Number of protein chains: 2
Amino acid sequence: MMKRKTTAQWRTAFNAAGLRLTRQRLLICRELEGRRDHPDVERLYRAVKPRLKQISVFTVYRTMNALENAGLAWRVATWRGHARYDANVETHGHFLCEKCGRIDDLDGGSVGAGFAAFAAAKGTVHRVEVKLSGECDACLAGARALPQEA
Amino acid sequence: MMKRKTTAQWRTAFNAAGLRLTRQRLLICRELEGRRDHPDVERLYRAVKPRLKQISVFTVYRTMNALENAGLAWRVATWRGHARYDANVETHGHFLCEKCGRIDDLDGGSVGAGFAAFAAAKGTVHRVEVKLSGECDACLAGARALPQEA
DNA sequence: TTATGTGCAAAGGGTTTGCCTATAC
DNA sequence: GTATAGGCAAACCCTTTGCACATAA
């Protein structure tokens, strides 16, 4: 279960990452953590705009990048070219509907076992993907020849 | 294990999807299935160009979209804005190195159990994600109100 | 005070599309 | 022969960036 942060907790989290807590950032974070639909930048912008008229989409873009770099949010999927975000950075899965773009959370407990059956309740699963990311052994070793440049 | 298709098999696969087998498409498919590095469009293009000088990047883009729509290849990840592909459409995972963009396959057998340990051998895992995609129940029911338009 | 963040505008860059020719079947 | 695909160029569109002003600490 996703737990919402207090303003103080957000401030602490930002400061720990060397970032300042601005009105814009707090508003965006609050909006993101209050949602279950994994919104894109545009949607966050539209949701926050009425409460801070001066805010621009560009700030939302920059904020999302900052959040992701700080590990405070994740870009969990891309749908029709739009990046989709989640403030829940605990290990869990997602069910993406390729047709409507809806993204549902899959409980972390379902990761690793029986998630296909779990997800079946959400619709028809066409594709199952497990993605791990981090830093590969070659990079950790400071390899000269980057595989991607081969 | 990934099994390569014969030309006849590719033709059958294309025709089954209502597509024609062109020199360009066959070359691209051959290149993709022979690789383990999950190339992007640019890389495929550069690899294929010497063998068919007239080919254009645009054709590679269109071919990859056609392949994905036909279920003959998957867009398995995005790294630095570039879509990355895999001709292996059996259920399996990937390890993406966020630093160099290297993408390794994770055996299908490791999906669902012990994949974190499995991947640890590849480097340092920062993030584990399970993604299922398909069509959600709402879409299957032909719902009028698309969640994404809310 | 002073580095950091925001708003704006303009550029960036991977990808898509329209149009005409070439080609698979 | 006819519908489909390729080549080219231009458009698209999400996203990023440079710059001057505003603001958090």
Side-chain angles (χ1 to χ4, degrees), chain A residues 7-8 10-29 31 38-46 48-70 72-73 75-85 101 148, chain B residues 7-8 10-29 31 38-46 48-49 51-70 72-85 101 148:
Chain A
T7 299
W10 275 116
R11 171 167 278 110
T12 303
F14 270 99
N15 292 344
L19 299 170
R20 295 177 179 178
L21 183 66
T22 63
R23 240 173 303 143
Q24 291 88 335
R25 286 177 173 172
L26 182 59
L27 213 49
I28 292 168
C29 288
E31 180 65 28
H38 309 82
D40 58 16
V41 166
E42 181 65 24
R43 188 161 294 231
L44 282 169
Y45 172 66
R46 284 203 302 257
V48 154
K49 182 82 171 174
R51 273 174 283 161
L52 187 60
K53 289 185 204 119
Q54 80 215 36
I55 202 173
S56 75
V57 209
F58 314 113
T59 297
V60 183
Y61 274 108
R62 274 194 272 229
T63 297
M64 295 321 293
N65 286 341
L67 286 173
E68 184 156 42
N69 287 334
L72 298 173
R75 185 183 302 225
V76 297
T78 299
W79 186 68
R80 294 193 184 171
H82 298 63
R84 301 282 293 272
Y85 294 91
Q148 291 312 311
Chain B
T7 299
W10 275 117
R11 172 168 278 109
T12 303
F14 271 98
N15 292 345
L19 300 170
R20 294 175 179 178
L21 183 65
T22 64
R23 239 173 303 144
Q24 291 89 333
R25 287 177 173 172
L26 181 59
L27 212 50
I28 292 168
C29 287
E31 181 65 28
H38 308 82
D40 58 16
V41 166
E42 181 64 24
R43 189 161 293 233
L44 283 169
Y45 172 67
R46 284 202 302 257
V48 155
K49 182 82 171 173
R51 272 173 284 160
L52 187 59
K53 287 183 206 123
Q54 78 215 37
I55 202 173
S56 76
V57 209
F58 312 113
T59 296
V60 183
Y61 275 109
R62 274 196 270 231
T63 297
M64 296 320 293
N65 286 341
L67 286 173
E68 184 156 43
N69 287 334
L72 297 173
W74 275 352
R75 186 183 302 224
V76 297
T78 300
W79 185 68
R80 294 192 184 172
H82 298 62
R84 301 282 293 273
Y85 294 91
Q148 290 314 307

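In the text below, chain A, chain B and the rest are named by the order of the sequence lines, each starting its count at 1. None of the values given here were measured: they were computed from a predicted structure.
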Undergrad: Please output the side-chain donor-acceptor pairs of residues 16-23 of chain B that fall under 3.5 Å, not counting sequence neighbours, one pair per line with the distance.
TA:
residue	atom	partner	partner atom	Å
B:Thr22	OG1	B:Arg25	N	3.1

Undergrad: Could you tell me whether B:Ala83 contacts a base, only the sugar-phosphate backbone, or nothing, with contacts defined as non-hydrogen atoms closer than 4.0 Å?
TA: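 Sugar-phosphate contact only.
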Undergrad: With a 3.5 Å cut-off and just heavy-atom distances, do the side chain of B:Arg62 and the base of C:dG18 make a donor-acceptor pair?
TA: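 Yes, the side chain and the base share a sub-3.5 Å donor-acceptor pair.
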Undergrad: Are any non-hydrogen side-chain atoms of A:Trp79 and A:Asp40 less than 4.5 angstrom apart?
TA: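 A side-chain contact under 4.5 Å is absent here.
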Undergrad: Rounded to the nearest 0.5 Å, what separates atom OG in A:Ser56 from atom NZ in A:Lys49?
TA: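 So the OG of A:Ser56 and the NZ of A:Lys49 are separated by 7.5 Å.
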Undergrad: Rounded to whole Å, please give me the gap between OH in B:Tyr45 and P in C:dT15.
TA: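 To the nearest whole Å, that distance equals 15 Å.
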Undergrad: Which is more 5' along DNA chain C, the nucleotide nearest B:Gln24 or the one nearest A:Leu19? Just name the residue.
TA: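 So the residue in question is A:Leu19.
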Undergrad: Can you pull out how bent the helix from C:dT1-D:dA25 to C:dC25-D:dG1 is, comparing the axes over its first five and last five pairs, to 10°?
TA: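 End-to-end axis angle for the helix from C:dT1-D:dA25 to C:dC25-D:dG1: 50°, rounded to 10°.
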Undergrad: C:dG5 P sits how many Å from A:Ile28 CD1, rounded?
TA: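 In whole Å, C:dG5 P lies 13 Å from A:Ile28 CD1.
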Undergrad: Give the C-alpha distance, both sets of side-chain angles, the deciding distance and a yes or no for side-chain contact (heavy atoms from CB on, under 4.5 Å) between A:Asn65 and A:Arg75.
TA: CA-CA 9 Å; A:Asn65 286 341; A:Arg75 185 183 302 225; 3.4 Å; yes
Undergrad: Under 4.0 Å from a heavy atom of chain B: give me the 5'-most and 3'-most nucleotides of DNA chain D that qualify.
TA: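 The contact span of chain B on DNA chain D goes from D:dA3 to D:dA10.
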Undergrad: Rounded to whole angstroms, how far apart are OH on A:Tyr61 and C1' on C:dT6?
TA: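 These atoms are roughly 16 Å apart.
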Undergrad: Any side-chain heavy-atom pair from B:Val41 and B:Tyr85 closer than 4.5 angstrom?
TA: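 B:Val41 vs B:Tyr85: side chains touch.
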Undergrad: Checking side-chain contact (heavy atoms from CB on, under 4.5 Å) for the pair A:Ile55/A:Leu27: CA distance, chi angles, key distance, verdict?
TA: CA-CA 10 Å; A:Ile55 202 173; A:Leu27 213 49; 5.7 Å; no
Undergrad: What is the distance from CZ of A:Arg25 to P of C:dT4, rounded to the nearest Å?
TA: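 So the two atoms are 11 Å apart, to the nearest Å.
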Undergrad: Is the backbone of A:His38 close enough, under 3.5 Å, to the side chain of A:Arg84 for a donor and an acceptor to pair up by distance?
TA: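 Yes, the answer is positive, given that a donor and an acceptor are paired below the 3.5 Å cut-off.
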Undergrad: At under 4.0 Å, does any side-chain N or O of A:Ser56 touch on OP1 or OP2 of C:dG7?
TA: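 Yes, because at least one side-chain N or O of A:Ser56 sits under 4.0 Å from OP1 or OP2 of C:dG7.
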Undergrad: To the nearest Å, give me how far apart CZ (A:Arg20) and P (C:dA3) are.
TA: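 Those two atoms, CZ and P, are 9 Å apart.
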Undergrad: Round to the nearest Å and state the distance from B:Leu26 atom CG to C:dA24 atom P.
TA: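 Computing the B:Leu26:CG to C:dA24:P distance gives 12 Å.
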Undergrad: Compare every heavy atom of B:Val57 with every heavy atom of B:Tyr45, then report the nearest pair and how far apart it is.
TA: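 Result for this residue pair: CE1-N, 3.4 Å.
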Undergrad: Heavy atoms, side chains only, cut-off 4.5 Å: are B:Leu44 and B:Tyr61 in contact?
TA: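 No, every pair of side-chain atoms sits at 4.5 Å or beyond.
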Undergrad: Measure the distance from CE on B:Met64 to P on C:dT15 and round it to the nearest whole Å.
TA: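 Rounded to the whole Å, the gap is 11 Å.
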Undergrad: Just to be sure I understand the rule, does A:Asn65 reach a base, reach only the sugar-phosphate, or reach nothing, if contact means heavy atoms closer than 4.0 Å?
TA: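 If one applies the 4.0 Å heavy-atom cut-off, A:Asn65 turns out to touch the sugar-phosphate alone, with no base involved.
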Undergrad: First locate atom OG1 of A:Thr63, then atom CZ of A:Phe14, and finally report the distance between them rounded to the nearest 0.5 Å.
TA: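 Between atom OG1 of A:Thr63 and atom CZ of A:Phe14 there are 7.0 Å.
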Undergrad: Please tell me which of B:Glu42 and B:Asn15 maps to the more 5' nucleotide of DNA chain C, matching each residue to the nucleotide holding its nearest heavy atom.
TA: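 Upstream on the strand: B:Glu42.
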Undergrad: Taking atom P of C:dG14 as reference, at what distance in whole Å does atom CH2 of B:Trp79 sit?
TA: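 One finds 12 Å between P of C:dG14 and CH2 of B:Trp79, rounded.
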Undergrad: Can you identify which nucleotide, out of C:dT16, C:dT6, C:dG7, has its nearest atom closest to the A:Thr63 side chain?
TA: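 Selected nucleotide: C:dT6.
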Undergrad: Verify the contact: side-chain N or O of A:Arg23 to OP1 or OP2 of C:dT6, cut-off strictly under 4.0 Å; return yes or no.
TA: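 Result: no.
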Undergrad: Check every strand shown and say whether B:Gln54 touches a base, only sugar-phosphate, or nothing at a heavy-atom separation below 4.0 Å.
TA: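 Touches sugar-phosphate only.
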